[in-house]
Amino acid sequence: ELALNDAKAQGEACVAYDRRAHAHAGLEGALARALERGEFELHFQPMIDVRSRQVVCAEALLRWRSAEHGLQSPGIFMPILERSGQIVEVGAWVLQAACAQAARWGGTRVAVNLSAQQFARSDLRGVVRAALQGSGLEPSCLELEITESLMMQSPERAARVLSEFQADGVRVMLDDFGTGYSSLGYLARFPLSGLKIDRGFVTALQEQPGGRDAAIVRAMVGLSRDLGLELVAEGVETLRQADLLAALGVQVMQGYYFARPTANWQPPRA
Ligand code: C2E
Ligand code: MG
Ligand code: MG
Ligand code: MG
C-alpha cells in the first residue's frame, strides 16, 4: 500500500510539475507578444522626505497586464524577460514611458530600474538620451537605479558608464544597498548620486532596534553624509520603522506605509 501511495504521490507531483511547466510555457508565449500588444504598464511609488514632507522622486515599477494571466509583477516575468533578452526592448520602453510621464508631472523626478543586460549594452547611453529628448524631460529629473552586482560584473566599465551619465546630467542610485558584494572603496570613486538601503535592514531594525542592523544603518547614514550621497530607505511598512529610521538620521523613505505603487500616481499639488 505504501508503494502504491508513493506511486500515486509521484504521479500527482508529475502532473503538478507538468502543469507548472505548461503554465510557464504559456507565460513565455504571452510575454513575447506583450510589448506589441501594449500590455506593459508602469506603477509609481513615491520617495518622501519625512522632514519637509515633500515627494523627492517616484520610482517606476513595471507591471504586465496580461489578457490571459492577469496583472503580473516583475518577480514572475522579469526572469523570463532576462532569459529571452526581451528585457532590452522592454527596458527601452520603460525608460521612454517613465520619462514621458515625469515630463507631465513637471518637476518631480522619476526613478527607473536597469537590468544587467541593459547595463551591459553599449547603446544604453543613446537609449537614455533618446528617452529624454523624446519626452523633453530634464536629465536631472531622471534617476537610474542599479544594483551592486550589476556594477561589480565589470567595475571599470561601470565607472565609465556612470561617468557618462554624470556628464549627461542623469542621476544614478545604488539599489538594494547592503545586500550585494561591493567594495566600500567603489562608493567613493564611482559617480553615484545616492544609496537605497535595502528593505531587509528596515525589517531587521524593527525586530531588534538596538541590534547590529541598526549599527549598519547608522554607519550608512554617516557614510552617505560624508561622501555627499543621498540616502533613501526602501520597504518602510510601519510608523515604527519610519520612526526608528528617522532617529538614525534617515530622511528620505519609500514604502507601503507612505504609499503603495499605483498606476495613476500624481505628485501632490504644492
Ligand atoms: P526594487 O527596485 O528594489 O523595488 C522595490 C520593490 O519592493 C517593488 O517590488 C515594490 O513594489 C516593493 N515594495 C515597495 N514598498 C514596499 C514595502 O513597504 N514592503 C514590501 N514588502 N515591498 C515593497 P516590485 O514592483 O514587485 O519589483 C520588484 C523588483 O523588480 C524591483 O525591485 C526591481 O529590481 C525589478 N523591477 C521593477 N520594475 C522594473 C523595470 O522596469 N526594469 C527592471 N530592469 N527591473 C524592474
Ligand atoms: Mg528599485
Ligand atoms: Mg530596491
Ligand atoms: Mg529591492
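Whatever order the structure lists ligands and atoms in, that order sets their numbers, starting from 1. Keep in mind that what you see is a predicted model, and the values were worked out from it rather than measured.
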N, O or S of M173 under 2.8 Å from the Mg ion (ligand 2): no
Taking a cutoff of less than 4.0 Å between a non-hydrogen atom of the residue and any ligand atom, is [X] in contact with ligand 1?
X    : answer
G75  : no
H43  : no
G235 : yes

Go through ligand 1 atom by atom and flag the ones less than 4.0 Å from a non-hydrogen atom of [X].
X    : result
L114 : 44 (N)
Q45  : 14 (C), 15 (N)
V94  : 41 (O)
V236 : 18 (O)
P261 : 11 (O)
E59  : 2 (O), 4 (O)

Heteroatom of D175 nearest to the Mg ion (ligand 3) (N, O or S, atom name):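 The D175 atom nearest to the Mg ion (ligand 3), restricting to N, O or S, is OD1.
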For ligand 1, is any non-hydrogen atom under 4.0 Å from K196's backbone (N, CA, C, O), its side chain (CB onward), both, or neither?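 For K196, there is no contact with ligand 1 at all, from either part.
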Side chain, backbone, both or neither: which part of R260 comes within less than 4.0 Å of ligand 1 when only heavy atoms are counted?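 No part of R260 is near ligand 1 at this cut-off.
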Could you check whether atom [atom1] of [X] has more than 12 heavy atoms from other residues, nucleotides or ligands sitting under 6.0 Å from it?
X    : atom1 : value
E89  : CD    : no
E68  : CD    : yes
R121 : CZ    : no

Give the single entry among [options] that approaches [atom] most closely by any heavy atom.
atom                    : options               : answer
atom 8 (C) of ligand 1  : D175, L61, L42        : L61
atom 28 (C) of ligand 1 : A116, P74, S115       : P74
atom 20 (C) of ligand 1 : R63, E237, Q254       : E237
atom 13 (N) of ligand 1 : Y257, Y256, F258      : Y256
atom 33 (C) of ligand 1 : T147, N113, L62, T238 : N113

Specify whether W64 and F40 have parallel, tilted or perpendicular ring planes, treating 30° as the upper limit for parallel and 60° as the lower limit for perpendicular. tilted
What is the minimum heavy-atom distance between [X] and [Y], and which atoms define it?
X    : Y    : answer
F201 : I216 : CE2-CG2, 3.7 Å
A111 : E145 : CB-OE2, 3.5 Å
S73  : R63  : OG-NE, 3.9 Å

Just verifying a value: how many Å separate F190 CZ and S183 OG, rounded to the nearest 0.5 Å?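 The distance works out to 8.5 Å.
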CG (L114) and CG (L95) are apart, to the nearest 0.5 Å, by 6.0 Å
With a cut-off of 2.8 Å, does any N, O or S atom of E234 fall short of it relative to the Mg ion (ligand 3)?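 Short answer: yes, at least one N, O or S atom is under the cut-off.
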With a cut-off of 2.8 Å, does D176 place any N/O/S atom under that distance from the Mg ion (ligand 3)? yes
For the pair F177 and L187, evaluate side chain to side chain contact (heavy atoms under 4.5 Å, CB included) and give the outcome as yes or no after the intermediate values. CA-CA 11 Å; F177 184 62; L187 288 186; 3.7 Å; yes
My understanding is that only one of E138, E59, E143 makes a side-chain hydrogen bond (donor to acceptor under 3.5 Å, both in side chains) with R109; could you say which? E143
Give me the one residue out of V50, V236, V221, V252 that meets side chain to side chain contact (heavy atoms under 4.5 Å, CB included) with L245. V236
In E59, the N/O/S atom nearest the Mg ion (ligand 2) carries the name OE2
E145: which N/O/S atom is nearest the Mg ion (ligand 2)? OE1
Verdict with supporting geometry, Q45 and H43, side-chain hydrogen bond (donor to acceptor under 3.5 Å, both in side chains): CA-CA 7 Å; Q45 185 185 33; H43 288 197; over 6 Å; no
